[in-house]
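Hydrogens, waters and symmetry mates are skipped; everything else that's a heavy atom, side chains included, is used. Counting starts at 1 for both ligands and their atoms, in listed order. Counting begins at 1 with the first residue of the sequence.
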Amino acid sequence: MNTLQLDLTGIYPFVSKDTVYSWADKSKAYQAALHAGTGLGNDFLGWIKLPSEISEQDFDAIEAAARTLQQHCDYVISIGIGGSYLGARAVIEALSPSFAPKADAPQVIFAGHNIGEDYLSELVSFLRGKRFGIINISKSGTTTEPAIAFRILKALLEEQVGKDAARERIIAVTDKAKGALRSLATQEGYQTFVIPDDIGGRFSVLTPVGLLPIAVAGFDIRELVRGARDMSALVGEDVAFEQNLSALYAAARNSLYQAGKKIEILGNYHPKLHYIGEWWKQLYGESEGKDHKGIFNASVDFSADLHSMGQWIQEGERSIFETIISIAEPNTTLRIESDEANLDGLNYLAGKRVDEVNKMAELGVRVAHIDGGVPNIRIVLPKLDAYYIGQLFYFFEKAVGISGYMLEVNPFNQPGVEAYKKNMFALLEKPGFEAETEAIKARLK
Ligand code: PA5
């Protein structure tokens, strides 16, 4: 089986291999706690077995719903935020053609991940007169950003096709019983998919939250899940620490953190990986940033960001390390031709593939960053396809579970996300928040 590779050699000038391997016993104990459900946050561990628990019927139901939307729609709006948004976007952007919509499927457009009035008004103008449908995704069913987007787009769709036809073009993905979206879907008679209770938003990409929009966009969800399933065996609790990629990554980043490396950037050399970085930021930032601890996660797109953040990375405060996702073999081939006049002086590259230049950029940056005091972790995907993205997702999910326990935090809650919501509701005078409204108004006088 081909698998993603993890290369830690670029961290050993900064932390010793012995230091990384000294986590082996703890890692074993933390994996055992994850699998037995005896650690912190143990009511949110459904993602561990998820890839092997998705049944044929589950796939069939998602694919059938996707086909219905594909038949009726040229555009499907996937509404959601955070874990109800980033996984699907990461896969769709990674696998879609960069400059033209995929020919055989509707274009998936994302909404509900911001409250920008221009964004929503422009989306409404764009969709006017077009054949569109909606996937409304919210586990709690009460999140404000997607609820606003849904109210506006539902009204547009009903105005355009009537209430009955709109019902055929709207699917809700939410909790089995709780929340406003569940009751709204029941009242309106929408088809629904359930987000399991024991899977938190940022771990939900392999539930209908991610799988439905990905299937609508025309990508192979079975391959995605197969990749995750294969990786779940490779990083299982019985796999020795030295071979367990997730355990090694977790140990490496905690060793670096303890050595003063408080910032981790996830870098890529392919623009299609941008949203993988966004998904990863949520997974790691929301899982570990608590109790006034945790690595700060950011993501960068190279080589573009070498011309902006490159200076800081090379010579700023030495509190940073990088994890680079590298793709061994691109899906296409493009060579740089020789040019008789050679006015641009590029003939020394003639005959080379663009990817050879990209790989030398990557290697040159790695050496420069290590020389400059930036430890380097490399994750190599054999190629960019649904199967290897599935591997990557599960690799990162397992690693963050172990890593969070190494940090001694609960990696499966997100209490800090509530603070802004409380203030926003108080400022908007939401019923039930009267005391908070009074308090915040007094503070802001
Ligand atoms: O990881 C999480 O739990 C959050 O980021 C949620 O996914 C996000 O807040 C959206 O929540 P919901 O799906 O309930 O609308």
With heavy-atom distances below 4.0 Å as the criterion, list the atoms of ligand 1 near [X].
X    : answer
T143 : 11 (O), 12 (P), 14 (O), 15 (O)
S84  : 7 (O), 12 (P), 13 (O)
S140 : 12 (P), 14 (O), 15 (O)

Query raised in the report: Is there at least one pair of N or O atoms, one from S138 and one from ligand 1, spaced under 3.5 Å apart?
Result: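 The answer is yes, given that S138 and ligand 1 share an N or O pair closer than 3.5 Å.
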Query raised in the report: Is the closest basic N to carboxylate O distance between R222 and D60 below 4.0 Å?
Result: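 Salt bridge flag = yes for D60 with R222.
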Query - Ion pair check, R182 and D175, cut-off under 4.0 Å - result: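 So R182 does not pair with D175 through a salt bridge.
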Please list the nearest protein heavy atom to [atom] with its residue and the distance rounded to 0.1 Å.
atom                   : result
atom 8 (C) of ligand 1 : I81 O, 3.6 Å
atom 7 (O) of ligand 1 : G83 N, 2.9 Å
atom 5 (O) of ligand 1 : Q282 NE2, 2.6 Å

Report task. Kindly identify the option in E145, K139, E286, Q414 whose heavy atom sits closest to atom 1 (O) of ligand 1. Result ->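 It is E286 that holds the nearest heavy atom.
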Query raised in the report: Think K262 forms a cation-pi with Y257, using NZ or CZ under 6.0 Å from the six-ring centre and within 45 degrees of its axis?
Result: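 Yes, a cation-pi geometry.
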Requested in this report: Find out whether the Lys NZ or Arg CZ of K130 is both under 6.0 angstrom from the six-membered ring centre of F126 and within 45° of the ring's axis.
Outcome: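 Pair K130/F126 counts as cation-pi.
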Requested in this report: For this output row, return yes or no: ring centroids of F241 and W23 closer than 6.0 angstrom.
Outcome: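 Centroid distance F241-W23: not below 6.0 Å, so no.
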Requested in this report: Give a yes or no on whether F296 atom CZ has more than 12 heavy-atom contacts from other residues, nucleotides or ligands under 6.0 Å away.
Outcome: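 Open.
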